[in-house]
Amino acid sequence: MLTINVAVLLAVIVFFRLRRRTESRSRFDEKMTVVIVLALGVLIAPTPAGRGILNILGQLAGGVTQAGR
């Protein structure tokens, strides 16, 4: 039986939605993309990959904060 990871499916959908031209998007289309990206973030966050991304972004934000002082 073939199983599909929902996070991978949403990542593919986001990839194809973001490849489209910006001028041809409606407000509803943009809102739908935001909802899909938020859902993808919620699915990725508790995974080890999500924790790694959070760690990297935290270090980047800390470096930017220290550079601004």
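Throughout, numbering of the chain's residues begins at 1 and tracks the sequence.
- Here CG of L10 is found 9.0 Å from CG of N5. Values are rounded to the nearest 0.5 Å.
- V14 and V8 fall into different hydrophobic clusters, defined by Ile, Leu, Val, Met, Phe, Trp and Tyr side-chain heavy atoms under 4.5 Å apart, directly or through other members.
- By the rule that hydrophobic residues join a cluster once side-chain heavy atoms approach within less than 4.5 Å of another member, I56 and I53 end up as members of separate clusters.
- Residues V12 and M32 do not share a hydrophobic cluster, clusters being chains of Ile/Leu/Val/Met/Phe/Trp/Tyr side chains in contact below 4.5 Å.
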Would you mind writing out the side-chain donor-acceptor pairs for residues 36-47 within the sub-3.5 Å range, not counting sequence neighbours?
unit_1	atom_1	unit_2	atom_2	d
T47	OG1	I44	O	2.6
T47	OG1	G50	N	3.2

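- In this structure a side-chain-to-backbone donor-acceptor pair under 3.5 Å is present from R17 to D29.
- Under the 4.5 Å side-chain contact rule for hydrophobic residues, V34 and L18 do not share a cluster.
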